Amino acid sequence: MLEEKFPCLAERAAVGLVGQGSECLGFDDEISTDHDYGPAFCIWLTREDYERYGEGLQAEYQALPGEFLGVGRRQDSLHGGGRVGVLCIPDFYYGLTGFEDIPSGCREWMRIPEAALAAATNGQVFSDPLGEFSRIRRGFLDFYPEDVRIKKIAARAAVMAQSGQYNYARAMKRGEHVAAALALSEFIKNTVSMVYLLNKRYTPFYKWMHRGMRELPILSEVGDMLRLLVMTEHQAGAWEGAGPQDYLYVLNDNDKCVIIIEAVCSLILQELTAQGLTAGEDNFLESHTLAIMERIQDPYIRSLQIMEG
């Protein structure tokens with residue numbers, strides 16, 4: 001279609017499938033077929049080309065066969081439109097990250113959510129003869145500047161310690177079971193992000209962050225441990241009779257969740273040490289946050305509150 005009707009774009013348009021949606025992560029299954037599912041792809045143009053040819057090219061895109069290999073036409077959900085078809089390169093990246101091009105400094109990088117960067121760098125680029133789309137993509141794929149990555153790692157370590165290693169037990173001792181569940185949720189979310197950061201990969205949308213851990217080369221086994229944590233029966237019985245001063249300085253190893261949390265933190269600490277971000281054997285991750293922060297060179301990033309990021 002490009003060669004026949006837009007020969008001037010055949011050597012300028014980038015084509016692929018990148019962005020929001022489980023299909024861009026390769027995670028679609030039978031459950032995914034009820035919305036935003038079907039034959040589709042993206043054609044990315046420079047702003048100049050988009051302003052000149054975008055409308056006409058979009059009309060030709062919509063005229064392509066809707067069914068392919070027995071799969072019916074894509075049905076967009078209420079908020080699923082505009083993800084495929086003819087797109088302007090700077091607008092595409094701005095819509096996902098808030099930046100039309102690669103951010104210029106650490107402050108700009110700090111503003112971009114991990115899931116947004118995951119959406120901007122997932123999927124595949126099938127063809128990009130001009131190279132403009134891939135130039136920006138490579139800049140994002142190179143991952144956060146190291147100071148930003150370290151700051152985020154420090155923040156994840158602080159929240160993992162606060163939620164999982166500290167507040168979960170205190171909530172259980174008080175009988176505040178909803179608070180304990182929220183603490184576990186915070187621990188799980190921050191642990192997943194920590195593992196992605198240690199792999200120098202962006203954490204995807206929450207629905208897929210655990211699934212994506214299977215493909216990580218470093219600490220993918222933590223995903224199995226988190227699944228075990230979620231599947232463990234409620235541990236209220238392990239705290240029966242516990243007084244206000246009990247388990248202040250020792251772990252309640254009658255609670256299976258406590259044991260799993262500490263095992264996860266031990267693996268994280270080993271990798272933090274292997275990457276030269278901290279030293280020492282204290283399994284309480286909060287004890288390592290200042291050492292991690294000291295590795296940051298940028299004075300502004302180093303000055304941020306420990307949990308920011």
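What you see is a predicted model; the values in this text were computed from it and never measured.
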Give a yes or no on this: more than 12 heavy atoms of other residues, nucleotides or ligands lie within 6.0 Å of atom [atom1] of [X].
| X | atom1 | answer |
| --- | --- | --- |
| Q124 | CD | no |
| F68 | CZ | no |
| E286 | CD | no |
| Y166 | OH | no |

Kindly compute the distance separating [atom1] ([X]) from [atom2] ([Y]), expressed to the nearest 0.5 Å.
| X | Y | atom1 | atom2 | result |
| --- | --- | --- | --- | --- |
| L272 | R295 | CG | CZ | 10.0 Å |
| I89 | E132 | CD1 | CD | 5.5 Å |
| Q270 | E281 | CD | CD | 10.0 Å |
| S193 | M160 | OG | CE | 10.0 Å |
| E176 | L182 | CD | CG | 10.5 Å |
| R156 | T191 | CZ | OG1 | 10.5 Å |

Would you call [X] and [Y] a side-chain contact if the rule is heavy atoms closer than 4.5 Å?
| X | Y | result |
| --- | --- | --- |
| C24 | L17 | yes |
| V195 | I268 | yes |
| L184 | I261 | yes |
| M194 | I153 | yes |
| K152 | R149 | no |
| L25 | F205 | no |
| Y53 | R12 | no |
| R137 | Y93 | yes |

Counting only N and O atoms by type, is there a donor-acceptor contact under 3.5 Å from the side chain of [X] to the main-chain atoms of [Y]?
| X | Y | answer |
| --- | --- | --- |
| E100 | Y94 | no |
| D255 | W239 | no |
| Q165 | L285 | yes |
| E51 | D49 | no |
| E262 | I259 | no |
| T273 | L269 | yes |
| Y61 | A40 | no |
| Q275 | L198 | yes |

Applying side chain to side chain contact (heavy atoms under 4.5 Å, CB included) to Y50 and not counting sequence neighbours gives L45, V86, C88
Atom of [X], atom of [Y] and distance for their closest heavy-atom approach:
| X | Y | result |
| --- | --- | --- |
| M110 | G309 | CE-CA, 3.8 Å |
| T121 | L141 | CB-CD2, 3.4 Å |
| W44 | V15 | CZ3-C, 3.7 Å |
| A119 | V18 | O-CG1, 3.5 Å |
| I292 | A157 | CD1-CB, 4.4 Å |
| A13 | P129 | O-CD, 3.3 Å |

When the ring centroid of F41 is compared with that of F126, is the distance short of 6.0 Å? no
Between R135 and D128, is the closest basic N to carboxylate O distance under 4.0 Å? no
For residues [X] and [Y]: do they belong to one hydrophobic cluster (side chain heavy atoms under 4.5 Å, members Ile, Leu, Val, Met, Phe, Trp, Tyr)?
| X | Y | result |
| --- | --- | --- |
| L117 | Y206 | yes |
| I150 | L290 | no |
| I306 | F284 | no |

Applying ring-ring contact (aromatic ring centres under 6.0 Å, His included) to Y144 and not counting sequence neighbours gives W109, Y202
For residues 209-230, dump all side-chain donor-acceptor pairs below 3.5 Å to protein atoms at least two apart in sequence or in another chain.
from: H210; atom 1: NE2; to: G223; atom 2: O; distance (Å): 2.8

Which side-chain hydrogen bond (donor to acceptor under 3.5 Å, both in side chains) pairs, counting each pair once, include a residue from residues 298-309, with sequence neighbours left out? none
Between Y168 and the options E186, K173, Q235, the side-chain contact (heavy atoms from CB on, under 4.5 Å) test singles out Q235
Can you list everything that forms a side-chain hydrogen bond (donor to acceptor under 3.5 Å, both in side chains) with Q58? Sequence neighbours excluded, please. none
Please list, chain by chain and in numerical order, all residues satisfying side-chain hydrogen bond (donor to acceptor under 3.5 Å, both in side chains) with Q162, sequence neighbours excluded. none
